[in-house]
Amino acid sequence: MKYFLQRIAFYLFTAWAAITLNFFIPRLVPGDPVQSLIAKFRGQLSTEAINSLYVLFGLDDNKGLWAQYVDYWKQLFQGDLGLSFTFFPSPVADIIGDALPWTVLLVGITTVISFLIGTGLGVFAGWRRGSWTDGLLPVTTFFSSVPYFWLGIIAIYLLTGPDSFFPSSGGFESSLVPAWDQYFIPSALQHSLLPALTILISSVSGWILSMRNMMVTVSSEDYITVAHAKGLSERRVAVSYAARNALLPNISGFALSLGFIVGGTLLVEIVFSYPGLGFILLQALGAKDYPLMQGIFLVITISVLVANLLADLAYLLLDPRTRKEG
Amino acid sequence: ACGDSPNSNNANNANKSSVDFLKIGMPNGTQTENHNPFAGTSSANALGYKWMIYEPLTQWNPVRPAEPAIPWLASGVKWADDYKSAEVTVRDNATWSDGQKLTAEDVAYTFNLLKSNEALNQNAIPFDQITVAGNVVKVTFKTPQFVNQNKIMASTPIVPKHIWEKISDPATDINKTPVGSGPYTLKSFTQAGVTLSVRTEGYWGTVPQVKELRYVSYADNNAQGTALANGDSEWSFVFLPNPKATFIDKDPEHHKVWAPGVLGIHGLYINTTIKPFDDVKLRQAMNMVINRTDIFTQAEASYFHPEIKSVTGLPPGAGDAFIAPEYKGKEFSNDVEGAKALLQSAGYKLNGKVLSDPSGKPVKIKLSDPAPWSDYQTSLEIIKSNFAEIGIEATVEKPNQDVWDKNVQTGAFEASMRWTNGGATPYDIYQTVMDGDLLKPIGTAAQQGNFGRFKSPEATAALTAYKNATSDEARTTAMNQIQKVFVEQAPMFPVGADNVGAAYSDKNWTGWPTDEDPYSGAQPTQPYVSLIIGKLKPANS
Amino acid sequence: MEPVLEIRNLNVEYGLGDKAVRAVRDVNLTLHRGEVLGLAGESGSGKSTLAYGLTRLLAPPGVITGGEVVYHPEKGDPYDVLGLSDKALRAFRWAETAIVFQGAMNSLNPVHKISTQLTDVLKAHDPKMSEHSRNARAREMLKLVGISPDRMDAYPHQLSGGMRQRVMIGMALILQPQVVIMDEPTTALDVVMQRQILGQLIELRERLGFSVIFITHDLSLLVEFSNRIAIMYGGRIVEEAPAATIYRDALHPYSRGLLSSFPALRGPRRELAGIPGSPPDLAGMPTGCSFHPRCPKAFEPCPTHIPVLGRPDSPDGAARSVACWLHPTEQPVG
Amino acid sequence: MTIPTSSTAQVIPGQGAMAAPEPAKPAKAKRQRFLFLKNKKAAFGLIILGVYVLFAIIGPWVTPYDPDARSNDLIQPPSADHWFGTTHLGQDVFSQVLDGTRPVVFVGFLAGTIATVLSVIIGITAGYLGGKTDDTLSALSNVFLVIPAIPLMIIITSILDNASNLLIALIIGLTSWSWNARVLRAQTLSLRRRDYIEASRATGEKTWRIIGFELLPNLTAVIASGFIGTVIFAVLSLITLAFIGIVSAAGWNWGTILFWAQGQQALAQGAWWWFVPAGLAIAFLGTALSLINFAIDEFVSPRLRSAGKTKLKTASGGTVRMRIGFTPVLSNSAEPHTHARAIPINTDGATPVARKVGN
Amino acid sequence: MTSIQDAKAPAGEVVLEAIGLTKHFPVRRRLRQFFTREQNAVHAVDDVNLTLRRGQVVALVGESGSGKSTVARLLAQLYPRTGGDIRLHGETTKVKGGSAFRAYAARVQMIFQDPFASLNPVHTIRYHLTRSLKIHGNAGKTDDDLENALRDLLTRVSLTPAERYLDKFPHELSGGQRQRVAIARALGADPEALLADEPVSMLDVSIRLGVLNLLRDLKERLNLAILYITHDIASARYFADQTLVMYAGRMVEGGDSETVTQTPAHPYTRLLIDSAPDPDRLAGDVNPLDEDRGNGEPPSLIRPPSGCRFHPRCPAAMARCKTDLPIRLEIGDVPGHWAACWLYDEATVASATPGEAAAK
Ligand SMILES: Nc1ncnc2c1ncn2[C@@H]1O[C@H](COP(=O)(O)OP(=O)(O)OP(=O)(O)O)[C@@H](O)[C@H]1O
Ligand SMILES: Nc1ncnc2c1ncn2[C@@H]1O[C@H](COP(=O)(O)OP(=O)(O)OP(=O)(O)O)[C@@H](O)[C@H]1O
Ligand SMILES: [Mg+2]
Ligand SMILES: [Mg+2]
Ligand code: NI
């Protein structure tokens with residue numbers, strides 16, 4: 001129990017430190033939301049608007065950084081993430097609430113699928129080492145090194161078009177209203193296919209490789225030889241003995257990768273105009289939108305920490321050895 | 001629950017043979033629901049649909065800025081000679097989409113709203129008294145508003161008093177169910193886009209034939225470009241590199257690009273406090289060698305920033321009416337030899353490929369602009385090679401946008417491509433470049449303009465005179481004076497004009513403004529959109 | 001006596017080609033029904049390799065380069081284990097020949113319960129068996145090796161080393177195989193535990209009648225527990241005889257060296273002579289008798305001619321064999 | 001009765017006349033050293049990497065054109081004059097790719113080095129010292145793990161006016177060490193209780209020496225693959241930053257090429273030659289590094305090394321595939337023999353063998 | 001018996017002494033124990049007394065997990081002790097690190113249990129030995145001195161010619177050779193006491209013999225005090241002057257080796273000796289130990305049995321054994337032979353029921 005309290009204290013500390021850094025680092029950057037807005041419009045917005053914008057954003061009274069920091073924590077404890085500048089006056093919480101499901105669904109599901117497929121292929125390649133499956137490796141290595149935005153852009157160019165099944169952008173058909181019905185869901189799926197494939201292709205190989213290596217390592221363990229000696233079917237040895245054990249180290253990697261869902265795929269969402277959080281984060285970064293940035297960073301921080309916790313727990317569940325008391 | 005799905009009518013739509021909607025796109029990234037017409041950050045503003053819901057008092061054609069304004073919600077506007085007051089007669093047949101009648105009270109309320117909320121008064125208009133007499137609103141101002149007349153009359157969305165007076169903070173309200181006087185009402189807002197449907201009753205004008213407007217905000221220019229090429233967008237304003245290849249050729253019959261210039265320009269600002277660029281002769285020579293045609297064709301894809309030909313920096317078309325008599329017909333000529341001669345006469349030496357100033361120091365210049373602005377970057381690359389022809393070694397720097405912005409404002413730059421403000425007269429252009437009132441010492445941010453720290457009392461005086469003039473003659477005199485200073489002193493090298501055009505497809509809808517009939521600008525986010533939409537007809541009818 | 005397992009000219013190499021290590025060379029060995037055959041020899045002399053090679057369980061780069069392993073089932077004709085198809089070999093393994101490996105911790109899969117690991121043998125070899133009877137059988141086996149059946153659901157790490165080793169023995173016996181191969185099953189255990197386990201094994205053998213190949217370094221243990229002992233050196237069997245015979249009267253100088261290297265706990269303290277020299281390099285084996293560089297009695301045929309394992313011309317020669325030029329053989333074995 | 005004990009000389013092997021002559025030693029050492037190159041993956045990876053490094057060094061001098069120079073050949077497809085075609089300004093894409101190799105390789109390796117050094121220092125110290133130091137350092141690396149790298153880099157680079165490649169490498173290096181530090185810490189934790197570490201402590205070694213000379217060499221494989229992983233990460237980060245126009249130092253890198261190509265919608269214009277080569281260059285560099293990584297893994301871990309060999313050559317030139325659980329059997333004929341003749345086995349036991357058995 | 005006389009070396013000066021040495025390893029609490037106040041610990045070593053003298057070998061035997069290695073590591077100061085005292089030449093020493101630890105290490109060196117694990121695979125033999133010499137200032141001043149010292153070391157452990165071994169890596173050596181390198185490394189510090197933790201358990205009999213002879217030789221030539229930990233009781237008899245028996249963290253019997261191995265007093269020692277394999281007890285006449293004797297698992301060290309820790313398994317257990325911790329009792333057959341067992345307390349035996357005592 002003391003251990004758990006320690007872990008929790010540790011996580012709280014990490015969260016605090018990360019949030020604090022996330023507060024201060026962006027504020028070291030010159031410029032402010034108003035200047036960014038003006039620059040963004042490049043002439044579409046008259047310089048006369050500057051004053052009104054400062055008033056609008058509430059940036060006209062100059063508060064010290066420290067006072068802002070204190071305010072930020074006060075707000076945070078009230079569950080208030082503040083108002084976004086880029087999307088003024090939308091509350092940050094609403095923006096995140098709108099975008100997060102998209103990211104979680106697209107990247108999250110893709111990550112899961114990628115992990116499943118990659119692990120499956122990795123098990124296969126590791127078990128059948130020396131057969132044709134070794135030919136998978138160079139291909140997967142190649143794809144794991146391709147920048148995925150590059151892949152995405154090429155996919156858009158090659159696969160989308162006026163008559164193509166694949167839409168080039170967006171999360172769903174623009175004339176639809178999100179609802180759980182027979183029009184919306186297929187449309188959302190259709191829109192997520194290409195980005196999902198892109199992420200899949202460039203991330204699946206990582207899982208294949210690590211799983212394969214683990215399989216190779218585990219295959220030479222004594223208990224595998226014993227399993228063979230016991231005359232078990234090849235399937236059972238491969239799945240229940242080798243793969244089951246080889247999976248363990250990958251589980252924590254998987255849990256952590258779930259934590260990086262938001263932070264990791266900014267560009268896919270941009271390339272595909274996908275209405276997710278990564279895309280919004282990039283806009284917030286460009287616009288010096290501190291409240292929004294902080295809100296998203298908070299989400300990332302929490303999700304990484306939760307993923308860490310999950311990794312711990314998953315290990316505890318899957319590896320009986322760690323369940324040992326004492 | 002499928003029956004009450006908000007999408008159920010979509011199934012019917014799909015089956016219809018004729019298209020009764022228009023797909024409009026903008027490359028403005030994610031949008032969150034905000035239909036507040038005053039907020040610059042609102043989705044209504046970013047996508048432009050606020051002008052389909054709310055209307056201005058008059059319509060003004062930026063392509064022909066000198067033409068008189070078209071009455072819109074106002075049946076007439078009468079400015080005092082000194083432009084310190086105006087009388088607005090409000091149309092009496094307009095109704096709000098909730099059925100209430102639009103009155104002069106609403107107009108007065110709107111002006112009062114701006115007056116009392118600095119946050120909403122984006123053009124910083126110095127309102128004074130606002131009074132109502134019957135259907136006439138009389139507005140007075142603290143200073144003459146000649147140069148701002150269109151911002152007041154043609155760019156202020158009129159909002160219903162009976163709704164807005166209940167809103168506690170109009171600056172931060174997202175105006176969830178917008179009630180306006182325009183031809184459309186909001187149908188739905190989703191992350192994928194906004195849909196407006198045409199008003200079935202109560203609109204004062206002809207009801208547009210486009211039954212539904214579907215707005216989509218794309219992540220960036222590329223996505224928007226792809227959407228245009230695919231036909232996912234029928235109307236947009238976006239920079240298309242090589243529009244022929246990327247857009248027009250995809251459907252040459254219907255895909256069109258129209259980009260008329262307006263009174264707002266882009267050019268190379270020179271920091272006039274830095275030696276040797278404080279030397280007028282040097283600046284003139286540099287100005288002479290810039291190859292504006294190359295920039296137009298290579299950096300601006302032959303359309304986006306229409307090439308500025310007049311030495312006054314005024315764009316073709318929109319600016320023609322304002323060019324001073326002495327500069328009529330005088331055009332930039334990309335005259336390397338002339339520039340060399342000029343430099344020689346001013347004591348500069350060109351030995352081999354290096355130009356030295358009279359003190360013997362080689363002339364070098366740093367050009368800077370943020371990297372993501374690829375047309376500026378391309379322009380700088382071209383300018384760099386142009387300068388090399390007269391022995392000036394230019395280097396291109398690509399600071400981060402914020403850094404660049406700060407550098408430009410505080411005067412910590414040597415030369416930079418930037419835009420000017422735009423307006424109904426050339427005043428805004430010249431003010432941004434030369435106004436001594438905006439002059440700030442190096443190191444202090446000059447937010448409003450005069451980034452090059454150009455010090456010219458004549459220019460400042462002429463600009464003030466123009467703004468406050470009470471007669472057209474006085475204005476013309478002042479404008480000629482302003483242009484003279486601009487041409488002779490070359491404080492900034494104009495390159496291209498802003499455009500108010502669009503990329504569109506007339507596959508489904510025709511009636512767009514063209515060179516032949518430039519009845520308005522064509523950007524889908526400007527006040528004149530309700531004017532355009534009213535003229536669109538189904539292509540196959 | 002009736003043989004169960006006959007190893008004929010078995011050759012095993014690690015790797016192939018020039019760099020190959022010939023770990024087992026021309027080994028001929030017969031295991032009889034119901035006996036405990038002890039296998040001793042220097043570290044690296046190929047004992048484990050031989051044991052694994054029997055059922056083709058050697059890890060890469062092990063290759064069986066020749067020979068045959070003939071198995072005599074209780075009923076039916078003998079057949080060559082090395083010639084079985086994969087499927088047949090799987091069916092053969094554990095049902096006919098079970099192996100207890102050296103490290104029990106590594107032999108049990110750490111993530112599966114003991115019960116799972118016991119019952120999946122049954123599932124694989126007799127798919128028709130009901131789950132209930134599988135569990136019953138597993139319990140029975142645990143009881144047999146002296147572990148309370150309520151430890152069925154324990155994970156390997158929750159058991160002590162001795163218990164794990166006993167689970168492995170129980171698992172080896174679960175299909176009532178004819179042959180049990182035990183590779184240093186008790187090296188890591190203390191003597192009390194060691195005796196407990198071996199005692200149980202001997203007792204079970206008497207009850208169930210299987211044969212055991214028992215590999216260990218501990219000669220005292222071997223002498224005490226096995227019927228016959230084979231001594232390996234440099235990949236070959238150098239001597240093979242009943243346990244008592246070897247202990248009292250080893251013929252091969254290497255066997256003698258081994259027997260004079262361990263101290264006795266009881267009785268007078270005897271002289272410990274040891275074996276001079278160092279073990280041979282299997283990749284570059286000495287010519288002739290591989291023991292000759294260390295052999296105090298080496299004479300002229302030793303460096304050049306490989307002695308053949310055969311019956312010595314001693315009085316009890318019929319029951320034993322040796323590969324040494326000091327004891328010219330009358331007839332080669334096999 | 002007095003028991004004589006054997007003399008030392010008698011029982012200690014490897015002495016005097018009894019010792020077998022040692023095989024020639026240097027030959028063996030040499031074989032070991034070049035073993036790494038014998039690995040086909042390693043050799044291939046190293047060759048590709050070598051080409052990249054070569055062009056990183058000489059690239060800017062051998063470009064056929066000035067990569068900045070404009071010409072009148074706008075958007076030309078690949079030709080003998082312009083191998084990778086030209087840009088919208090008539091610049092030679094091939095020259096840009098060559099010229100862009102240096103910053104990519106430089107930033108990749110410098111950032112990789114910085115991150116590796118940091119992760120080694122932090123990870124090993126935390127793992128070895130444990131206690132408060134461990135808690136503090138783990139918290140530190142967790143904080144860096146939690147802060148999303150790319151956004152952090154975007155923010156930091158935008159603080160800098162005109163970030164140079166050096167600075168970018170520094171930023172990438174300083175923000176991307178945490179993952180490796182975690183891995184190293186875990187490895188160190190498992191190594192720290194090894195007997196040989198305890199033994200060197202018992203010998204009286206100082207702590208820093210134990211870390212530097214006993215632990216570190218045993219972590220080479222982990223460090224090396226961490227290094228390579230970080231290099232790949234750094235390259236991709238640099239490309240990404242350049243692609244979205246954040247990193248913009250003067251000069252070319254592959255990200256800048258992609259940035260321009262994308263800004264000009266090269267693919268939509270049909271100018272695939274402008275967009276494709278830079279991406280492929282990245283992918284091949286990454287592939288080369290990954291291949292080297294595998295090879296290091298297999299080389300350093302004896303387990304993977306022997307398990308990595310899946311085929312053996314027989315003397316007669318045939319090959320034998322190794323399988324775990326089913327040792328190949330070579331019959332006396334030269335024919336490779338990986339599976340035995342299929343003999344149906346009856347449930348009642350005996351099946352005669354094709355070969356004649358019995359005396 | 002004449003052999004006893006012979007095996008007994010003249011009692012030398014005391015080098016290292018442990019008095020009441022105790023080590024408890026704290027155990028992480030379980031969740032449900034959070035609210036109870038008890039703090040669990042593995043009682044690995046409890047109240048151990050031990051004396052190492054110059055030129056003498058003390059053997060420590062006992063079952064797996066009885067705390068033998070822990071004693072060695074405590075003596076080497078690799079673990080902080082929970083209680084008790086370690087005296088080096090009569091002086092209490094407690095060192096944790098730094099120069100004090102090095103000074104201690106110069107006098108007391110440890111050989112680890114597993115020769116395959118205790119040499120760093122990435123370093124050559126030369127490196128291992130050089131470090132040991134340098135740390136303790138035995139490397140001399142010049143390279144030649146060092147080279148000579150290295151040769152000297154290797155010669156001492158009979159790895160000759162030295163140059164053949166110096167530049168090898170551990171994996172290139174056989175187990176016996178590695179073991180000797182480990183010994184050489186310990187000798188490099190020129191220690192007075194050597195703590196050898198199962199130095200031969202992994203080796204086959206012929207190599208095992210070589211190592212033991214080497215240790216004996218060192219003891220005699222260098223007058224070392226040696227602690228020899230082993231499972232192999234026969235080798236303790238053969239090699240050690242004194243033998244101590246441990247059970248579940250406590251010493252249960254001690255005395256000179258021949259006596260302890262031939263006439264064991266404590267029931268556990270007897271069980272141990274009876275269990276040891278004996279080639280003279282040939283197959284066929286196998287006499288498996290009666291089921292009830294010494295059967296059962298080793299006790300939990302977290303909650304060790306009360307009283308005598310062996311009592312749950314002891315065939316001769318009496319009522320007192322369950323409650324009272326036995327004290328060291330002289331057996332009386334040979335001077336210095338003692339056992340911690342109530343069977344040797346006449347009063348206890350007398351008060352016990354006749355049936356119980358008869359088991360003796
Ligand atoms: N994978 C391998 N590659 C090369 N040689 C190997 C391999 N495995 C074992 N050997 C060699 O084969 C020989 C026989 O090994 P084996 O394990 O059968 O010996 P052993 O008699 O069981 O020894 P021990 O008593 O130490 O267990 C040894 O010399 C060993 O070095
Ligand atoms: N670092 C540690 N933390 C917790 N418990 C430990 C630790 N080290 C040893 N123990 C426990 O202390 C007890 C004694 O262990 P020790 O290693 O001293 O036994 P041993 O007599 O040397 O056994 P073996 O003969 O198997 O080497 C064991 O129960 C062991 O589990
Ligand atoms: Mg073995
Ligand atoms: Mg121990
Ligand atoms: Ni075959």
Side-chain angles (χ1 to χ4, degrees), chain D residues 1-26 28-29 31-32 128-129 131 190-221 223 300-302 305, chain E residues 1-3 6-7 73 76-78 97-98 101-106 109-114 116-123 127-128 131-132 135-136 157-161 164-165 167-168 170-172 174 176-177 180 182 185-186 188-189 195 206-207 209-214 216-217 238:
Chain D
M1 150 187 150
T2 309
I3 296 167
T5 51
S6 55
S7 82
T8 309
Q10 208 181 338
V11 292
I12 302 292
Q15 236 187 326
M18 292 301 177
E22 280 292 302
K25 186 79 218 319
K28 198 174 175 194
R31 220 186 318 132
Q32 289 265 325
Y128 184 76
L129 294 182
S190 84
L191 279 182
R192 147 175 102 142
R193 288 282 154 231
R194 293 278 164 90
D195 271 357
Y196 58 81
I197 301 296
E198 283 277 276
S200 65
R201 205 161 82 80
T203 309
E205 290 279 20
K206 293 196 175 84
T207 304
W208 67 266
R209 259 205 91 100
I210 295 180
I211 295 183
F213 290 79
E214 308 287 337
L215 268 177
L216 207 57
N218 282 291
L219 291 167
T220 333
I223 295 172
V300 178
S301 142
R305 199 188 322 170
Chain E
M1 276 200 275
T2 48
S3 58
D6 178 74
R73 284 176 193 237
Q77 306 263 17
L78 289 173
F101 181 81
R102 272 190 293 285
Y104 186 84
Q109 279 281 315
M110 172 155 174
I111 301 167
F112 283 72
Q113 188 159 355
D114 178 357
F116 290 84
S118 62
L119 295 177
N120 196 332
V122 302
H123 290 310
Y127 178 88
H128 281 107
R131 289 309 305 162
S132 155
I135 292 167
H136 301 290
V157 296
S158 303
L159 285 175
T160 48
R164 193 196 293 164
Y165 298 98
D167 292 309
K168 289 207 167 180
H171 72 263
E172 296 174 288
S174 77
Q177 289 167 333
R180 278 180 275 159
R185 162 153 78 171
L195 311 169
S206 60
I207 299 176
L209 181 66
V211 173
L212 288 184
N213 280 324
L214 168 67
R216 174 199 294 266
D217 183 54
Y238 167 83

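Chain letters run A, B, ... following the sequence lines, proteins first, then strands; residues in each count from 1. Because the structure is predicted, anything quoted here is derived from the model rather than measured.
Figure legend: cation-pi geometry between E/R131 and D/F213 absent, as NZ or CZ is not positioned both under 6.0 Å from the six-membered ring centre and within 45° of its axis.
When all heavy atoms of D/A199 and E/S118 are compared, the closest pair comes out as CB-O, 3.8 Å. Looking at every heavy atom in both residues, D/A202 comes nearest to E/A105 through O-CB, 3.3 Å. Closest non-hydrogen pair, D/T203 versus E/I135, comes out as O-CG2, 4.0 Å. When all heavy atoms are compared, the tightest approach of E/F101 to D/G204 is CE2-CA, 4.4 Å.
Of the atoms belonging to E/L78, heavy atoms from both backbone and side chain fall under 4.5 Å from chain D.
Between the D/D195 side chain and the E/A117 main chain, no donor and acceptor come within less than 3.5 Å of each other. Between the D/E214 side chain and the E/N120 main chain, no donor and acceptor come within less than 3.5 Å of each other.
Contacts of E/Y127 classified as ring-ring contact (aromatic ring centres under 6.0 Å, His included), with partners at least two apart in sequence or in another chain: E/H123.
The residues D/E198 and E/R73 are annotated as salt-bridged, a charged nitrogen and a carboxylate oxygen being separated by less than 4.0 angstrom.
For chain D, the option among E/A182, E/G188, E/P121, E/A186 with the highest count of heavy-atom pairs below 4.5 Å is E/P121.
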